[in-house]
Undergrad: 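Quick one: this structure, given as structure tokens, is what I'll be asking you about.
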There are 2 protein chains.
Amino acid sequence: MSEPKIKNMEEFASVSGISRPTISKYFNDPTSVRATTRERIERALDQFDYQPNMYAINQNRRLTKNIGVIVPYLADPFFAEMARHMEDLVIAAGYRPVLLGSHGDADLEVENLNSLRLMKPAGVLLAPLGRGSDPERIAEFSQDVPTVLFDANLETIGEAFVGSNNQQSINLIVDYLCRTGEPPSFFEMRLPSNPNAFKRRQAYVAAMEALGHEPQLIQVDGDGWEFEAIGFREGSRVLEERSLPTDTVLCSNDRLAIGFLSAAYQKGMRVGLGDGCALRVAGHDDHPFSRYTCPTLTTVSQDYESIATKSAESLFEVIESGSAEKMREETLFDGKLVMRGSA
Amino acid sequence: MSEPKIKNMEEFASVSGISRPTISKYFNDPTSVRATTRERIERALDQFDYQPNMYAINQNRRLTKNIGVIVPYLADPFFAEMARHMEDLVIAAGYRPVLLGSHGDADLEVENLNSLRLMKPAGVLLAPLGRGSDPERIAEFSQDVPTVLFDANLETIGEAFVGSNNQQSINLIVDYLCRTGEPPSFFEMRLPSNPNAFKRRQAYVAAMEALGHEPQLIQVDGDGWEFEAIGFREGSRVLEERSLPTDTVLCSNDRLAIGFLSAAYQKGMRVGLGDGCALRVAGHDDHPFSRYTCPTLTTVSQDYESIATKSAESLFEVIESGSAEKMREETLFDGKLVMRGSA
DNA sequence: ATTTTATTTTTACGCGCGTAAATTTTTAAA
DNA sequence: TTTAAAAATTTACGCGCGTAAAAATAAAAT
């Protein structure tokens, strides 16, 4: 790491005493050269620090070692954590992650796809916005670039989808809530941006009916990705109106629940499952903040580690098998009940 | 956007009836060609969709139009929001943002810098980890690449620093707390990762002394970036031990306060400034979640919009003026008192 | 030691674009 | 219209690397 600056592979070849094509081979796959030459190269490498020009490398490649990771909303810690996980996996597999957030904006989502395309990525891990996403553009993109969807499914798009088994997880928590108190009503946005919300609604209705209860949907207005604000505002409203059909509320996701809990607190309502509690509130996702709400939030965890791992592995498979493959695979991971203080 | 695929600039030149060098000029600066030719090019452009190969473009450039945005911890919504803002500004200025998170890891921070260097970025907006950062590597990097630091200052490194005026903001909230009740003690980590924390501690001590009160530091153990967890754990501990010197606690940042509030809630302590409240808790930053805590968190806002804007503009200036410039500039923005329920 | 096989070297070309210099064309000014 | 200035075209080279083909060398097998 000293000496004169090496400016290109030619120069590094001469100072290391190895021919340029061999050096080139080495950088594309260190194991593809004889062990003794590999050592010589590596010895030269920490004597002269040289790194190939990434632009020159990629100019003539049909695809690069880049893998795009696109999430709908980076300011949501759930997606931030997911992205973090995926980045690690991508690096471990020898690729370079390129992180992009869509900020809840469909146009930006498409732009992200476009700017990724210019990078000739080996593949993309995409969590689409859901409703609002432009399915045609995404489908188009996924035909050129190996794409694995996660979190939000867009039917038929991409090589695979990995997400949560909303059916199972909602069933789990509805069952739990019914066993331990009044059957829950379901608090959600009327037009959720996320397709999981639809699945959860259906699952809720089915679960309630299976248990012989009447489903009670509380569908509130609200747009965008500021779920806490919506949960707070609309939670405040329904609590003021005393229009809740039961004392138990299952929120479609934790961020709504966080807002709802805040509203309940401000209304002076004691939330929880003990005596003297007026309300039970549950969520879904096991959001990083859900263990610090007041009371702590009972919820169902999404197995985001498994989702991240499976997504990444699916993508690597597709990439390494040369993309033309079998059927589109959908993998759903079960959630786990997280019993905390709120229900 | 139809017809045959154009594969390079040569081909696009011929189908558009313009010479390749002119096309090249156009892409580097559309205003640098005559209006009539610009129109012809643009007409061809939406007839034949062609986008120059970014690798070929950048191969021979000493620097690209890329601007790195590095934050210490993307799963912290504060940094996520900041990054989002900066991305917008970077795009608006005609550059391409490259977002990198260091996940609280100094090695990763250095790696991020290294991988950025390969991209030959025009500049970097860097929020360093703080303590734990490798100042030498960062200094080295900042000598090659125009770098503006934000949030956390590393003295003498980079072309500029933009952050919060902790002196002013802490003064503000200490003053407020003293006016409305008992003087606060200061709850913080013994070895905070963030240099702002040191500034805030000093500012707290100075403010208290100026008001004739004795500063009371509550320095707790804890490492890493899981501030809520630390605030909760150590908050629970001090509340159990009843070792709080006053009924008012100023936390070094909102994330600690969020954990602390959660601890207080679980201990059954009523937090707030009304009668019947056993405790007042305040934070610092106006973290996105602070308006949904129970009670809502009284805090001082960081002017993150101004910080983002000023950081970006400083960087653009340095870049466009050819980097060799005047003195290193430090800009601090004042915070605003955000009076909510907790104090 | 000889043959076979696996690597490396030599040589050479191409990728897509930036860009410089000389020339021609277009536009604006006189 | 003529002249001067601005812009576009033609021509040509270089960037740093991938990579193919043929020749040379080294390692492994006989």
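Just so it is clear, the values below take in all heavy atoms, side chains as well, and ignore hydrogens, waters and symmetry mates. Everything numeric here is computed off the predicted structure, so don't read it as measured data. In what follows, chains are A, B, ... by sequence order, proteins preceding strands, each numbered from 1.
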Undergrad: Looking across every strand, which nucleic acid part, if any, lies under 4.0 Å from A:Pro21 by heavy atom: base, sugar-phosphate, or nothing?
TA: base

Undergrad: For B:Gln51 and B:Arg34, find the nucleotide of DNA chain C closest to each by heavy atoms; which residue's nucleotide sits nearer the 5' end?
TA: B:Gln51

Undergrad: Please determine, for the side chain of A:Asn28, which listed nucleotide (C:dT27, D:dG18, C:dT8) has the closest atom?
TA: D:dG18

Undergrad: Could you go through the side-chain hydrogen bond (donor to acceptor under 3.5 Å, both in side chains) check for A:Ser306 and A:Asp303 one step at a time?
TA: CA-CA 6 Å; A:Ser306 295; A:Asp303 188 353; 2.6 Å; yes

Undergrad: Expressed in angstrom and rounded to an integer, what is the separation of A:Arg61 atom CZ from C:dG14 atom C1'?
TA: 15 Å

Undergrad: Taking atom P of D:dA27 as reference, at what distance in whole Å does atom CZ of A:Arg38 sit?
TA: 15 Å

Undergrad: Rounded to whole angstroms, how far apart are OH on B:Tyr55 and C1' on D:dC15?
TA: 17 Å

Undergrad: Rounded to whole angstrom units, what separation is found between the CD1 atom of A:Ile41 and the C1' atom of C:dT8?
TA: 10 Å

Undergrad: In whole angstroms, how far is the C1' atom of C:dC17 from the CZ atom of B:Phe27?
TA: 12 Å

Undergrad: Quiz question: going by heavy-atom distance under 3.5 Å, is there a donor-acceptor pair between the base of D:dT10 and the side chain of B:Arg20?
TA: no

Undergrad: Should the pair A:Arg84-A:Glu81 be classified as a salt bridge under the 4.0 Å nitrogen-to-oxygen rule?
TA: yes

Undergrad: Just call it for A:Phe12: base, sugar-phosphate, or nothing, with non-hydrogen atoms closer than 4.0 Å on any strand.
TA: nothing

Undergrad: Using whole Å, report how far CD of B:Glu11 lies from P of C:dC15.
TA: 12 Å

Undergrad: Contact class for B:Thr36 vs. all strands (heavy atom < 4.0 Å): base, sugar-phosphate, or nothing?
TA: nothing

Undergrad: Looking at B:Gly104 and B:Tyr73, what are the two nearest heavy atoms and their distance?
TA: N-CD1, 3.8 Å

Undergrad: Counting heavy atoms from C-beta on, name the nucleotide in C:dG18, C:dT9, C:dT8 closest to the side chain of B:Ile57.
TA: C:dG18

Undergrad: Is any side-chain N or O of B:Asn8 closer than 4.0 Å to OP1 or OP2 of C:dG16?
TA: yes

Undergrad: Within this structure, what is the CG-to-C1' distance between A:Asn58 and D:dT19, rounded to whole angstrom?
TA: 15 Å

Undergrad: Taking OH from B:Tyr26 and P from C:dC17, how many angstroms apart are they, rounded to a whole number?
TA: 15 Å

Undergrad: Quick one: is C:dC17 close enough that its OP1 or OP2 comes under 4.0 Å of any side-chain N or O from B:Tyr50?
TA: yes

Undergrad: Quick one: does A:Ser133's side chain get under 4.5 Å of A:Glu109's, heavy atoms only?
TA: yes

Undergrad: Judged by each residue's nearest nucleotide on DNA chain D, which is more toward the 5′ side, B:Thr37 or A:Asn53?
TA: B:Thr37

Undergrad: Pick the nucleotide of DNA chain D nearest each of B:Gln59 and B:Thr22; which residue has the one closer to the 5' end?
TA: B:Thr22

Undergrad: Can you tell me how far apart CG (B:Asp46) and CD1 (B:Ile41) are? Round to the nearest 0.5 Å.
TA: 12.5 Å

Undergrad: Indicate whether OP1 or OP2 belonging to D:dG18 is found under 4.0 Å from a side-chain N or O atom of A:Ser24.
TA: yes

